[in-house]
*Asks:* 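Just passing along the structure, written as structure tokens.
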Amino acid sequence: MPEQSSSPAPQRPSTHTSLSVASILAESARRRPDAVAVVVGTEETTYAQLWAQARGYAGALRERGVGPGVRVAMLVPNVADFPRVYYAVLALGATVVPVHALLTAREIAYALGDSGARLLVCAGPLLAAGADGASRAGVEVLSVLAPDGEVRSLTALAAASQPIETYVPCDPAQTATILYTSGTTGQPKGAQGCHLALVEQVNSLLINAFDIRPDDVVLGALPLFHTFGQTCAMNTTFRAGARLVMVPKFDGPTALATMVEQEATVMMGVPTMWMALLEAARAAPGRALPPLRYGCSGGAALPVAVIEAVRETFGIEVYEGYGLTETSPVATFNHIGVPPRAGTVGTAIWGVDVEAADPEEAASIRVLPRGELGELVIRGHNLFTGYLGRPQDTAEAVVDGWFRSGDLGTVGEDGYVTIVDRTKDMILRNGFNVYPREVEEVLAGHPDVAQVAVFGVPEGSHGEEVAAAVVLVPGASADPDALRSWAAEQLAAYKYPRRFELVDSLPMGPSGKVLKRELVARYS
């Protein structure tokens with residue numbers, strides 16, 4: 001673990017320009033004070049109330065020594081306290097470190113220690129792991145959604161403190177958030193996002209990428225501790241002055257019922273969420289559906305068969321995009337005003353360049369001609385400022401000003417980007433490259449398949465064998481032989497899976513992505 005200071009020095013402004021992510025909430029509270037910002041169950045909070053509550057929390061945190069340059073971790077699910085704490089920390093000019101809500105005490109302790117967090121704000125239901133992790137890291141804990149017992153209540157402290165008047169202006173390059181990557185190739189790394197990247201990301205998305213209006217009702221089912229939910233669902237919705245309906249724990253039937261009840265017009269989700277929503281709708285034919293007019297998907301490729309099923313069931317198009325934690329997160333998107341091109345993740349957003357580069361040249365970036373397969377590289381206002389305390393990892397990830405994504409894809413003559421797969425997920429069978437996404441697209445088209453993940457397992461004679469873990473539609477009767485025949489009819493002999501595992505569910509990470517490394521470990 002790299003050594004970190006528990007009290008980093010505040011960053012001095014390099015120019016007279018200032019900016020703050022906290023202005024997103026502050027400005028909407030000024031422009032639309034009486035509009036509902038957040039809905040959780042039957043509780044509604046207006047923009048004026050939410051900003052006042054955030055300023056109250058900030059007042060209490062200021063009395064605990066939180067200010068510019070201080071890092072504050074938060075372990076809070078999708079409830080109104082997430083934005084209260086998030087914007088309170090940012091309003092003080094401090095850095096917020098959202099911690100995944102599903103981590104163990106050991107993993108929490110690692111994030112707290114690696115980030116150099118001064119304290120942890122933890123929701124009551126997560127205190128068992130949160131307080132344990134904080135104790136291991138030697139970090140103070142404040143609670144929300146919990147009685148004021150052994151752990152001091154931030155809510156109670158705020159009631160006895162003087163709220164701040166407004167947010168602290170920050171250097172645009174100052175670190176606003178530290179988000180930990182999934183750590184698929186080692187220990188998680190803290191990606192630092194600055195105020196400029198996060199604010200410009202929201203503005204760029206609203207200008208010509210997303211279609212979110214002040215009268216929209218957006219489903220907030222994406223975990224807010226993750227960059228997709230945090231930026232695209234929360235910050236963008238608040239910047240537009242729209243209503244965010246939070247779902248603390250996602251499942252298809254609950255999400256569908258909530259969307260109907262709240263008359264949701266916009267749904268943002270990862271592919272597994274869209275699949276679960278479809279399954280819930282199919283399980284109750286004839287029931288009311290929400291008045292959706294717009295859908296967004298990201299985090300992983302959405303099979304074309306699912307896109308078509310959503311169009312048929314809900315009467316909307318799903319617009320796909322692409323990005324990573326290190327790109328704040330959106331780099332490309334199927335922009336509004338243009339019919340989405342299924343199978344692609346759209347074109348680069350405003351002010352961002354995306355190209356395919358030679359993946360074998362590690363020390364420099366050699367951009368390939370349009371249409372050639374390569375590693376996708378990204379540059380623009382949306383890039384992170386580096387991995388906290390890891391200059392070598394940062395230097396390997398950002399070369400010649402381009403961020404190396406680790407994803408294989410093509411950029412067409414018209415700028416449309418197609419993702420082929422993660423370089424690390426590619427399967428090498430008999431010396432031939434097999435891209436799991438292509439195989440997943442085929443299997444997802446089978447009427448009995450609800451979810452599928454394709455991965456490689458070691459196999460002596462072939463090097464690697466193609467395997468598929470499949471979740472069947474309830475009541476379906478397809479067996480491995482039928483699925484194998486379906487795939488063999490549509491894929492070359494070296495591509496289709498020889499091994500099928502029928503499972504009840506796929507292992508998911510906190511952000512809703514399938515954890516293929518767990519499938520590899522389980523079935524190797």
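Quantities reported herein were computed from a predicted structural model and do not represent experimental measurements. Both backbone and side-chain heavy atoms feed into the values below; hydrogens, waters and symmetry mates do not.
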*Asks:* Checking the side chain of Trp274 only, and the main-chain atoms of Cys296 only, is there a donor and an acceptor separated by less than 3.5 Å?
*Replies:*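 Pair found, side chain donor or acceptor close to backbone of Cys296.
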*Asks:* Does Glu165 pair with Arg62 as a salt bridge, N-O distance under 4.0 Å?
*Replies:*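 Arg62 and Glu165: not salt-bridged.
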*Asks:* If every non-hydrogen atom of Ser297 is compared with every non-hydrogen atom of Phe228, which pair is closest and at what distance?
*Replies:*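 Looks like C-CZ, 4.3 Å.
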*Asks:* Has Thr418 got a side-chain atom pairing as donor or acceptor with Thr410's backbone, closer than 3.5 angstrom?
*Replies:*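 Such a contact is absent between Thr418 side chain and Thr410 backbone.
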*Asks:* Can you confirm if the aromatic rings of Phe82 and Phe225 lie within a centre distance of less than 6.0 Å?
*Replies:*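 That pair fails the under 6.0 Å test.
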*Asks:* State, to 0.1 Å, how close Leu90 and Ala22 come at their nearest heavy-atom pair, and which atoms those are.
*Replies:*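 Here Leu90 and Ala22 meet closest at C-CB, 4.1 Å.
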*Asks:* Who passes side chain to side chain contact (heavy atoms under 4.5 Å, CB included) against Pro359, sequence neighbours left out?
*Replies:*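 So Pro359 forms a side chain to side chain contact (heavy atoms under 4.5 Å, CB included) with Glu375.
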*Asks:* Quick one: are Leu515 and Met508 in side-chain contact, heavy atoms under 4.5 Å?
*Replies:*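 They are not in contact (no side-chain heavy atoms under 4.5 Å apart), so the answer is no.
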*Asks:* Mind checking whether Thr45 and Val36 have side chains closer than 4.5 Å, heavy atoms only?
*Replies:*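 Of all side-chain heavy-atom pairs linking Val36 with Thr45, none is under 4.5 Å.
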*Asks:* With the threshold set at 4.0 Å, does a side-chain nitrogen-carboxylate oxygen contact exist between Arg517 and Asp425?
*Replies:*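 No.
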*Asks:* Out of the candidates Arg32, Arg31, Arg30, only one should pair with Ser28 under the side chain to side chain donor-acceptor pair (under 3.5 Å) rule; please name it.
*Replies:*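 Passing option: Arg31.
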*Asks:* Quick one: does any side-chain atom of Asn78 pair with a main-chain N or O of Leu224 as donor and acceptor, under 3.5 Å?
*Replies:*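 Yes; judged by distance alone, with no hydrogens or angles, the pair exists.
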*Asks:* Could you check if a side-chain atom of Pro98 sits within less than 4.5 angstrom of a side-chain atom of Gln230, using non-hydrogen atoms only?
*Replies:*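 In contact.
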*Asks:* Atom CZ in Arg118, atom CG in Leu112: separation rounded to 0.5 Å?
*Replies:*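 Going from CZ on Arg118 over to CG on Leu112, the span is 14.0 Å.
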*Asks:* Got a donor-acceptor contact below 3.5 angstrom from the Arg55 side chain to the Thr166 backbone?
*Replies:*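 Checking the backbone N and O of Thr166 against the side chain of Arg55, no donor-acceptor pair under 3.5 Å is found.
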*Asks:* Using every non-hydrogen atom in the two residues, find where Val217 and Glu263 come nearest and quote the distance to one decimal.
*Replies:*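 Looking at all heavy atoms of both residues, the shortest contact is CB-O, 3.8 Å.
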*Asks:* Show the atom names and distances, to 0.1 Å, of all donor-acceptor pairs under 3.5 Å that link a side chain in residues 232-245 to residues at least two apart or in another chain.
*Replies:*
{"from": "Asn235", "atom 1": "OD1", "to": "Tyr87", "atom 2": "OH", "distance (Å)": "2.5"}
{"from": "Asn235", "atom 1": "ND2", "to": "Tyr86", "atom 2": "OH", "distance (Å)": "3.4"}
{"from": "Thr236", "atom 1": "OG1", "to": "Thr231", "atom 2": "O", "distance (Å)": "2.7"}
{"from": "Thr237", "atom 1": "OG1", "to": "Ala233", "atom 2": "O", "distance (Å)": "2.4"}
{"from": "Arg239", "atom 1": "NE", "to": "Asn203", "atom 2": "OD1", "distance (Å)": "3.0"}

*Asks:* What distance separates Glu320 CD from Thr332 OG1, expressed to the nearest 0.5 Å?
*Replies:*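 Result: 9.5 Å between the selected atoms.
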*Asks:* Can you check side chain to side chain contact (heavy atoms under 4.5 Å, CB included) on Leu157 and Leu142, steps first, answer last?
*Replies:* CA-CA 9 Å; Leu157 291 172; Leu142 297 178; 3.8 Å; yes
*Asks:* Is a side-chain donor or acceptor of Asn382 paired with a backbone partner of Ser328 at a separation under 3.5 angstrom?
*Replies:*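 Side chain of Asn382 to backbone of Ser328: no pair is present.
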*Asks:* Among Val72, Val70, Val66, which one satisfies side chain to side chain contact (heavy atoms under 4.5 Å, CB included) with Leu92?
*Replies:*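 Answer after filtering Val72, Val70, Val66: Val66.
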*Asks:* To the nearest 0.5 Å, how far apart are OG1 in Thr394 and CD in Glu326?
*Replies:*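 Reported value, rounded in 0.5 Å steps: 9.5 Å.
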*Asks:* What verdict does the salt bridge (Lys or Arg N to Asp or Glu O under 4.0 Å) test give for Asp414 and Arg341, after you've listed the backbone C-alpha separation in whole Å, the side-chain angles of each residue and the deciding distance to 0.1 Å?
*Replies:* CA-CA 12 Å; Asp414 53 4; Arg341 189 176 298 184; 2.7 Å; yes
*Asks:* Considering all heavy atoms of both residues, which atom of Ile212 and which atom of Arg293 are nearest to each other, and what is their separation?
*Replies:*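 So the two residues come closest at CA-NH2, 4.4 Å.
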*Asks:* Output yes when a side-chain donor or acceptor of His100 lies under 3.5 Å from a complementary backbone atom of Glu107, and no otherwise.
*Replies:*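 Checked: no pair found.
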*Asks:* Is it the case that the side chain of Glu372 and the backbone of Pro369 share a donor-acceptor pair, with hydrogens and angles ignored and the cut-off at 3.5 Å?
*Replies:*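 No, Glu372 side chain to Pro369 backbone: no donor-acceptor pair under 3.5 Å.
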*Asks:* Determine, stepwise, if the pair Glu438 / Glu441 fulfils side chain to side chain contact (heavy atoms under 4.5 Å, CB included).
*Replies:* CA-CA 5 Å; Glu438 180 185 6; Glu441 285 277 358; 5.8 Å; no
*Asks:* For the side chain to side chain contact (heavy atoms under 4.5 Å, CB included) test, which of Thr177, Leu179, Val21, Ile178 pairs with Val96?
*Replies:*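 It is Thr177, the one option of Thr177, Leu179, Val21, Ile178 that forms the side chain to side chain contact (heavy atoms under 4.5 Å, CB included) with Val96.
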*Asks:* Nearest 0.5 angstrom please: Leu205 CG to Phe333 CZ, how far?
*Replies:*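 It comes to 8.0 Å.
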*Asks:* Under 4.5 Å between any side-chain heavy atoms of Leu368 and Val411, yes or no?
*Replies:*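 A side-chain contact is absent here, since even the closest heavy-atom pair is not under 4.5 Å.
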*Asks:* Could you walk me through whether Gln53 and Gln49 pass the side chain to side chain donor-acceptor pair (under 3.5 Å) check?
*Replies:* CA-CA 6 Å; Gln53 293 159 355; Gln49 291 169 335; 5.4 Å; no
*Asks:* Would you check if Met259 and Val266 make a side-chain contact, meaning some heavy-atom pair closer than 4.5 Å?
*Replies:*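 Contact flag for Met259/Val266 side chains = no.
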*Asks:* How long is the gap from CG on Asp400 to CD on Glu361, to the nearest 0.5 Å?
*Replies:*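 One gets 10.0 Å once the value is rounded to the nearest 0.5 Å.
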*Asks:* For the pair Glu355 and Arg370, find out whether any cationic side-chain nitrogen is under 4.0 Å from an anionic carboxylate oxygen.
*Replies:*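 Here Glu355 pairs with Arg370 in a salt bridge, since their nearest N and O are under 4.0 Å apart.
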*Asks:* Okay, side chain of Thr254, backbone of Asp251: is any donor-acceptor separation there less than 3.5 Å?
*Replies:*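 It does not hold such a pair.
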*Asks:* Is there a donor-acceptor pair closer than 3.5 Å between any side-chain N or O of Arg84 and the backbone N or O of Leu50?
*Replies:*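 Checking the backbone N and O of Leu50 against the side chain of Arg84, no donor-acceptor pair under 3.5 Å is found.
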*Asks:* Hey, mind stepping through Asp34 and Tyr47 against side chain to side chain donor-acceptor pair (under 3.5 Å) and telling me if it holds?
*Replies:* CA-CA 6 Å; Asp34 298 327; Tyr47 276 100; over 6 Å; no
*Asks:* Between Asp216 (side chain only) and Arg213 (backbone N and O only), is there a donor and an acceptor less than 3.5 Å apart?
*Replies:*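 Flag set: sc Asp216 to bb Arg213 pair under 3.5 Å.
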*Asks:* Kindly indicate whether the side chain of Val345, heavy atoms from C-beta on, has any atom under 4.5 Å from the side chain of Tyr416.
*Replies:*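 Result no, sub-4.5 Å side-chain heavy-atom pair not found.
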*Asks:* What are the two closest non-hydrogen atoms of Gly229 and Leu222, and how far apart are they?
*Replies:*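 For Gly229 versus Leu222, the nearest heavy atoms are CA-CB, 3.7 Å.
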*Asks:* Can the ring centroids of Phe210 and Tyr319 be said to lie less than 6.0 angstrom from one another?
*Replies:*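 Centroid separation for Phe210 and Tyr319: 6.0 Å or greater.
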*Asks:* Stepwise, does the side chain to side chain contact (heavy atoms under 4.5 Å, CB included) test hold for Val121 with Leu75?
*Replies:* CA-CA 6 Å; Val121 179; Leu75 183 58; over 6 Å; no
*Asks:* Can you see which heavy atom on Asp407 is nearest to which on Ser405, and at what distance?
*Replies:*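 Scanning both residues, the minimum pair turns out to be N-OG, 3.0 Å.
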*Asks:* Any side-chain heavy atom of Arg311 within less than 4.5 Å of one from Ile316?
*Replies:*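 SC-SC contact between Arg311 and Ile316 ruled out.
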*Asks:* Could you walk me through whether Leu376 and Val417 pass the side chain to side chain contact (heavy atoms under 4.5 Å, CB included) check?
*Replies:* CA-CA 9 Å; Leu376 295 177; Val417 177; 3.8 Å; yes
*Asks:* Calculate, to the nearest 0.5 Å, the distance between atoms CG and CE belonging to Leu278 and Met273 respectively.
*Replies:*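 CE of Met273 is found 14.0 Å from CG of Leu278.
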*Asks:* Do the side chains of Ile365 and Arg404 get nearer than 4.5 Å, heavy atoms only?
*Replies:*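 The answer is yes, as the side chains (C-beta and beyond) meet within the 4.5 Å cut-off.
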